[in-house]
Undergrad: 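Dropping a structure here in structure tokens format, bear with me for questions.
Below, chains carry the letters A, B, ... as their sequence lines are ordered, and counting in each starts from 1. These values consider heavy atoms only, across backbone and side chains, with no hydrogens, waters or symmetry-generated copies.
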2 protein chains.
Amino acid sequence: MIPLVNSSGSTKERILGAAEVLFAQRGFDGASLRQLTAAAGVNLAAVNYHFGSKEKLVEQVFRRRLDALNERRLTALAKVAGADGTTLEDVLAAYIRPALELSHDDNGSLFMRVLARAFAEHDDSLRQFLSENYGHVMRQFTAEFARLLPQLSKQELYWRIDLVTGALTHAMSGFGMIQRKSDVSEHAHREQTAQHLIRFAVAGLSHP
Amino acid sequence: MIPLVNSSGSTKERILGAAEVLFAQRGFDGASLRQLTAAAGVNLAAVNYHFGSKEKLVEQVFRRRLDALNERRLTALAKVAGADGTTLEDVLAAYIRPALELSHDDNGSLFMRVLARAFAEHDDSLRQFLSENYGHVMRQFTAEFARLLPQLSKQELYWRIDLVTGALTHAMSGFGMIQRKSDVSEHAHREQTAQHLIRFAVAGLSHP
DNA sequence: GGCCGGTTCAAACGATCGTTTGAGCATACG
DNA sequence: CGTATGCTCAAACGATCGTTTGAACCGGCC
């Protein structure tokens, strides 16, 4: 007894890593626990032992990345929100840059694909999980967008945010996949991508 | 023998209709042939008899809508492409309006969800099918965008088209789901949606 | 040593999957 | 009439699914 706060260590992490890859490749239904545990090099029963069920595993795959990702987004947002000289670029950078920096991690860029899949799923349970746990993030960003775009009606603003979200989710799910030219550093490539996304989003949000 | 050109009639159509609904709701893997045939009111074996396999059925679900949809897109594009006074709005309307008009049909609006799912799938076989059969549509639109936006580099143009496509696919997959106020006619609602999407896309494509 | 909680393991559970089979039915044609 | 053809149907096929089981292994602690 007296388990350490995180009793796991290796097996849980290996499962989460393999799950991320396979969910991105084959989807939540398409990836079986047998493929998954084989790829992770652990026993089949380990998933139900450590996570309880496949559905709980899916939730943990999201939690592992989204907790840190959205915390970084909110931290970046807090630095500019409500201030006087703040621009749309600042707010959008707070949203976009932490996501692009995921590609630093092992398979972090693959996670954006998993997220894009969840986006396309109109399944209730998964959407409810994401809404309950991370809905406040989008709410805070929306509030700041509303402050910077006072000329837009609420309805108009929601439309534009929805369209921007769709564009960014789609684009970032492909990031890391496009072959970067070898004479461009990864940092430069990411910076270039960030600029594309931010400028596009600014135009989409603020056009007359 | 001597089958009529369309020997089917009812059973094939019923299967396609039920498949569209269930694929939109639960995904290609998540919807089973048993649920599907039960919803269609046909025998389980009818799918393999009429379509050969589940994968072929998926292709036919796409074909049934995309053949007509993309033909209408290209017809509308042909009316404005290459002409002198043509604007970005014209070209985008040719792409967007036929898709929104799908909501006229029984479950046409659900089909956009199916399409959004295929978009999120990075599965090779499905992407290859769509690319082989409908890649020329996006190619023609891209050519016209390039003509109207000569100041953009090829790379820059592709970026923007990719982002716009992501936004439109996402937005249209939700069209028909948002509750339309009863005092707004369906035609007015669709027209309003079209204006939102077109103006957003124009801004995203043509910003400096 | 002996026990114990945490973890791994092979094996099996029942359920459900896509697909196939072969008989039965209907309609059209010689 | 008899035969052939397109289609439907209940039933079964083997495979694979998520999950459960109970034994085996492991470290640390009395």
Undergrad: For B:Arg113 and B:Gln25, indicate whether the former's side chain and the latter's backbone hold a donor-acceptor pair under 3.5 Å.
TA: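 The answer is no, because no donor-acceptor pair under 3.5 Å joins these two groups.
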Undergrad: Taking A:Gly204's backbone N and O only, do any of them form a donor-acceptor pair with A:His207's side chain (distance below 3.5 Å, no angle check)?
TA: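 Pair found, side chain donor or acceptor close to backbone of A:Gly204.
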Undergrad: Taking 4.0 Å as the cut-off, does a side-chain nitrogen or oxygen of A:Thr11 come that near to OP1 or OP2 on C:dT7?
TA: no
Undergrad: Does a nitrogen or oxygen in the side chain of B:Asn43 sit under 4.0 Å from OP1 or OP2 of D:dC7?
TA: no
Undergrad: Ignoring the backbone of B:Leu33, work out which of C:dG18, C:dG6, D:dT8 is nearest its side chain.
TA: C:dG18
Undergrad: Should the pair B:Trp159 and A:His196 be assigned to parallel (<30°), tilted (30 to 60°) or perpendicular (>60°) ring geometry?
TA: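 Rings of B:Trp159 and A:His196: parallel, under 30°.
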Undergrad: Round to a whole Å and report the spacing from NZ of B:Lys56 to P of C:dG18.
TA: 16 Å
Undergrad: Expressed in angstrom and rounded to an integer, what is the separation of A:Leu36 atom CG from D:dT16 atom P?
TA: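 Taking atom P of D:dT16 as the reference, CG of A:Leu36 is at 17 Å.
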Undergrad: Please state whether the phosphate of D:dT8, meaning OP1 or OP2, lies under 4.0 angstrom from any side-chain nitrogen or oxygen of B:His50.
TA: yes
Undergrad: Look at the side-chain N and O atoms of A:Ser32 and state whether any lies under 4.0 Å from the OP1 or OP2 oxygen of D:dT16.
TA: no
Undergrad: So, is A:Ser53 near the phosphate of D:dG18, with a side-chain N or O under 4.0 Å from OP1 or OP2?
TA: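 Checking A:Ser53 against D:dG18: no side-chain N or O falls below 4.0 Å of OP1 or OP2.
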Undergrad: Please report, rounded to the nearest Å, how far the P atom of C:dC9 is from the CD1 atom of A:Ile15.
TA: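 Going from A:Ile15 (CD1) to C:dC9 (P), I get 10 Å.
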Undergrad: Does either side chain, that of B:Glu144 or that of B:Gln140, offer a donor lying less than 3.5 Å from an acceptor on the other one?
TA: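 Looking only at side-chain atoms, B:Gln140 and B:Glu144 do not form any donor-acceptor pair under 3.5 Å.
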Undergrad: Answer yes or no: does a side-chain N or O of A:Asn48 lie under 4.0 Å from OP1 or OP2 of D:dG18?
TA: no
Undergrad: Can you tell me how far C1' of D:dC17 sits from NZ of A:Lys54, to the nearest Å?
TA: 8 Å
Undergrad: Rounded to whole Å, please give me the gap between CZ in A:Phe51 and C1' in D:dT20.
TA: 18 Å
Undergrad: In whole angstroms, how far is the C1' atom of D:dT19 from the CZ atom of A:Arg34?
TA: 9 Å
Undergrad: Closer than 3.5 angstrom, by distance alone: can the side chain of B:Arg117 be matched with the main-chain N or O of B:Phe28 as a donor-acceptor pair?
TA: no
Undergrad: Given atom OH of B:Tyr49 and atom P of C:dA26, what is their separation to the nearest angstrom?
TA: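 Atom-to-atom, B:Tyr49 to C:dA26, this comes out as 16 Å.
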Undergrad: Where the side chain of B:Ala45 is defined as all heavy atoms beyond and including C-beta, which of D:dC9, D:dG18, C:dC17 is the nearest nucleotide?
TA: D:dC9
Undergrad: Can you check the B:Gln35 CD to C:dT16 P distance for me, whole Å?
TA: 10 Å
